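For clarity, every value in this text was computed on a predicted model and none was experimentally measured. So that the names make sense, note that chain A is the first sequence line, chain B the second, and so on, each numbered from 1.
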There are 2 protein chains.
Amino acid sequence: MEDIDRRIVTLLARDGRMSFTDLARETGLSVSAVHQRVRRLEKRGVIRSYAALIDHDAVGLPLTAFVSIKPIDPSAPDDAPERLEHLTAIEACHSVAGDESYILKVRVPSPNALELLLQQIRAAANVATRTTIVLSTPYEYRTPDLTGDAS
Amino acid sequence: MEDIDRRIVTLLARDGRMSFTDLARETGLSVSAVHQRVRRLEKRGVIRSYAALIDHDAVGLPLTAFVSIKPIDPSAPDDAPERLEHLTAIEACHSVAGDESYILKVRVPSPNALELLLQQIRAAANVATRTTIVLSTPYEYRTPDLTGDAS
DNA sequence: CATGAAATTATGATCAA
DNA sequence: TTGATCATAATTTCATG
């Protein structure tokens with residue numbers, strides 16, 4: 001991927017509503033050239049989608065947790081992601097190496113709702129759960145710097 | 001928060017570039033009424049920002065991991081988030097309950113880069129690390145359904 | 001990749017409920 | 001306070017070189 005594309009992706013990752021006009025100014029390209037590149041990045045799947053990032057507190061989902069799951073029957077087919085997909089409280093599902101098989105990130109209104117969700121998860125996927133409660137989130141959804149990568 | 005606002009937030013969380021015209025059509029309001037509400041949601045911080053969601057594989061960061069950290073000196077002031085903020089490979093930092101104090105989510109190009117990053121984390125924050133490698137991600141960045149909450 | 005024109009959208013003032 | 005209508009500015013989008 002070219003340098004200009006990395007620049008465009010970084011800018012849009014930081015401000016998903018930046019106008020083509022502004023992108024053009026920032027990159028030194030014409031509006032239509034940027035437009036073309038963005039469309040290509042979308043088509044290639046480099047840019048997956050655009051999203052508004054919301055304040056989960058403000059929206060009634062103040063409790064975040066990580067739920068690690070482990071199959072109760074290790075010989076059963078491992079289709080936990082599909083079995084859990086309908087639970088919209090689950091924001092993310094990562095297959096991981098280690099003792100447990102998946103890490104889920106969940107958002108709920110209250111401890112009660114978390115308890116209920118855990119029951120649903122266990123029932124739907126036939127797994128044992130281990131839950132880590134998030135107390136606060138100093139930062140989240142940060143964007144990598146794709147230009148001049150200093151880790 | 002009103003029902004229409006929940007609707008607007010949900011729509012924008014799913015498509016951050018949806019036009020006011022489309023939002024108006026979906027909500028049954030006029031364009032300017034939606035415009036007003038979106039601006040208010042932004043001002044109140046319900047909508048924090050907008051972002052393009054990128055394909056980390058396509059962008060040269062195919063390796064994701066969760067890094068749990070624990071202070072080596074528990075009596076030292078706990079300012080790990082600030083000490084780690086400059087490491088742009090860290091996408092998120094959550095303070096958590098349990099044996100460890102923070103969970104970090106990191107994105108790097110390679111195992112080598114991960115090793116280097118872990119050294120930097122340990123040095124910068126004076127912590128011990130425990131790393132869980134992500135093998136694959138069935139889904140991520142999903143949006144809660146704020147209307148008619150079925151968890 | 002740039003230019004320029006046409007279509008669409010964003011924005012704010014004003015008025016009404 | 002909230003929403004509708006309207007006018008204007010800005011942006012998106014596309015054809016062409």
Side-chain angles (χ1 to χ4, degrees), chain A residues 1-62 109 141 143-149, chain B residues 1-60 141-149:
Chain A
M1 197 172 58
E2 289 177 58
D3 224 50
I4 294 223
D5 285 334
R6 259 188 286 276
R7 191 86 200 291
I8 291 173
V9 170
T10 301
L11 288 167
L12 281 174
R14 279 167 172 46
D15 176 5
R17 285 194 84 115
M18 183 177 283
S19 70
F20 293 107
T21 308
D22 288 347
L23 280 173
R25 214 172 15 69
E26 294 281 341
T27 57
L29 292 181
S30 72
V31 173
S32 74
V34 181
H35 188 257
Q36 235 176 113
R37 279 175 184 269
V38 171
R39 289 289 172 260
R40 199 180 50 187
L41 289 165
E42 290 169 350
K43 199 162 195 175
R44 288 184 183 168
V46 177
I47 294 174
R48 274 187 200 282
S49 64
Y50 300 89
L53 303 185
I54 68 183
D55 179 340
H56 292 87
D57 286 1
V59 107
L61 297 169
Y141 304 128
T143 294
D145 182 12
L146 301 176
T147 72
D149 219 37
Chain B
M1 197 171 60
E2 290 178 57
D3 224 51
I4 294 224
D5 285 334
R6 259 188 286 276
R7 192 86 200 291
I8 291 172
V9 170
T10 301
L11 288 167
L12 281 175
R14 279 166 171 49
D15 176 4
R17 285 192 85 111
M18 184 176 282
S19 70
F20 292 105
T21 308
D22 288 346
L23 281 173
R25 211 170 20 68
E26 293 281 340
T27 58
L29 290 181
S30 72
V31 173
S32 74
V34 180
H35 188 258
Q36 222 177 143
R37 278 175 182 272
V38 170
R39 288 289 172 262
R40 198 181 52 187
L41 289 165
E42 291 169 351
K43 199 163 196 174
R44 288 183 181 167
V46 178
I47 294 174
R48 274 186 198 284
S49 63
Y50 299 89
L53 303 185
I54 69 183
D55 180 341
H56 292 87
D57 286 0
V59 106
Y141 305 129
R142 293 208 310 179
T143 294
D145 182 12
L146 301 175
T147 71
D149 219 39

When you check the phosphate oxygens OP1 and OP2 of D:dC14, does a side-chain N or O of A:R39 lie under 4.0 Å from one of them?
-> no
Just how far, in rounded Å, is C1' of D:dG3 from CZ of B:F20?
-> 16 Å
Under 6.0 Å from the six-membered ring centre of A:F20 and within 45° of its axis: does the NZ or CZ of B:R17 meet both?
-> yes
DNA chain D nearest-nucleotide lookup for B:E2 and B:R17: closer to the 5′ end is B:E2
Is there a side-chain contact between A:L23 and A:V38, using heavy atoms and a 4.5 Å cut-off?
-> yes
Under a 4.5 Å cut-off applied to non-hydrogen side-chain atoms, are A:H35 and A:R39 in contact?
-> yes
Segment of DNA chain C, first to last nucleotide, that comes within the 4.0 Å heavy-atom reach of chain B = C:dT9 to C:dG12
Could you tell me which non-hydrogen atom of A:G16 sits nearest to which non-hydrogen atom of A:Y50, and how far apart they are?
-> O-CD2, 3.6 Å
Provide the closest heavy-atom pair for B:E26 versus B:R7 in the form atom of the first, atom of the second, distance.
-> O-NH1, 2.9 Å
Taking CG from B:D22 and C1' from D:dT11, how many angstroms apart are they, rounded to a whole number?
-> 15 Å
Got a salt bridge between B:D55 and A:R44, using NZ or NE/NH1/NH2 to carboxylate O under 4.0 Å?
-> no
Comparing A:R37 with B:M18, nearest DNA chain C nucleotide closer to 5' gives the residue A:R37
Would you say the side-chain atoms of A:T147 and A:D145 include a donor-acceptor pair closer than 3.5 Å?
-> yes
Quick one: which of A:T21, A:T27, A:D22 gives a side-chain hydrogen bond (donor to acceptor under 3.5 Å, both in side chains) with A:R25?
-> A:D22
Check: D:dT5 base within 3.5 Å donor-acceptor of B:S32 side chain = yes
Within this structure, what is the CD-to-P distance between A:E26 and D:dT11, rounded to whole angstrom?
-> 13 Å
Hey, does B:S30 reach any base, or is it just sugar-phosphate, or nothing, if we go heavy atoms under 4.0 Å?
-> base
Considering only heavy atoms from C-beta outward, does the side chain of B:R37 approach that of B:V34 to under 4.5 Å?
-> no
Of D:dT2, D:dA4, D:dT12, the nucleotide closest to the side chain of B:R40 is D:dT2
Measure the angle between the two terminal helix axes of the helix from C:dC1-D:dG17 to C:dA17-D:dT1, five base pairs each, and quote it to 10°.
-> 30°
Measure the distance from NE2 on A:H35 to C1' on D:dC14 and round it to the nearest whole Å.
-> 9 Å
